[in-house]
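What follows is a short report on a single structure.
Here the structure is a predicted model, which means the values were calculated and not measured. FYI, side chains are in, hydrogens and waters are out, and symmetry mates aren't considered; it's all heavy atoms of this structure.
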Amino acid sequence: MDLPEITITHEDLAVLTRVIREAVAEGRHSAAARLGNDLHRARIVPAGHAPAGCLALNRAGRYLEERSGAVRDVVLVSGRGRSSSGLVSVLSRVGTALIGLSEGQAMGWLDPRGKPRVIRLLKVEPGAG
């Protein structure tokens, strides 16, 4: 699967850069590298220039996990996620896959067992990102 174009705001870039530094300091090198790789390929824009349907930090969105058919409502956060309340850390595989996606885009990766996993962003709730 080709990597989709993603858009990150300058404001989120500053927060995500801090998150990566903290993750490295905590020994979470794999999670930091995944997020860092995404930031390197992202289009960076001022907040007012991000597409309306682009998922940013602290914004609510809905995605489809294509293998299982599950639809989930989430809010991307820079800290620890709490799946029971729909908070997904941007350092998690799902969070890293979702950050910067626009509605309709999909992102795929191999799970720990080597099986493909694809999620598709269905909806982003209006609001500040």
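Counting only heavy atoms from C-beta outward, the side chains of Val75 and Arg59 never approach each other to under 4.5 Å. Considering only heavy atoms from C-beta on, Trp109 stays 4.5 Å or farther from Thr96 through its side chain.
The 12-atom threshold is exceeded at NE2 of His10, counting heavy atoms of other residues, nucleotides or ligands nearer than 6.0 Å. The number of heavy-atom neighbours closer than 6.0 Å to CZ of Arg62, taken from other residues, nucleotides and ligands shown, is 12 or below.
Residues Leu110 and Leu98 do not share a hydrophobic cluster, defined by chaining ILVMFWY side chains whose heavy atoms lie under 4.5 Å apart. No single ILVMFWY cluster, assembled from side-chain heavy atoms under 4.5 Å apart, contains both Leu3 and Val45.
The nearest pair of heavy atoms linking Ser78 to Val90 is CA-CG1, 4.3 Å.
Shown here are the side-chain hydrogen bond (donor to acceptor under 3.5 Å, both in side chains) partners of Arg21, two or more places apart in sequence or in another chain: there are none.
Expressed to the nearest 0.5 Å, how far CG of Leu16 lies from OG1 of Thr9 amounts to 8.0 Å.
Side-chain contacts under 4.5 Å among hydrophobic residues (ILVMFWY), followed directly or transitively, place Leu122 together with Leu64, Val71.
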(request) Applying side chain to side chain donor-acceptor pair (under 3.5 Å), run through Thr7 and Arg43 and close with a yes or a no. (result) CA-CA 5 Å; Thr7 303; Arg43 182 172 62 110; 3.1 Å; yes
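Salt bridge status for Asp111 with Arg67: present, with a side-chain N to carboxylate O gap under 4.0 Å.
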For residues 100-108, dump all side-chain donor-acceptor pairs below 3.5 Å to protein atoms at least two apart in sequence or in another chain.
from, atom 1, to, atom 2, distance (Å)
Glu103, OE2, Val124, N, 2.8
Gln105, OE1, Ser102, N, 2.6
Gln105, NE2, Glu5, O, 2.8

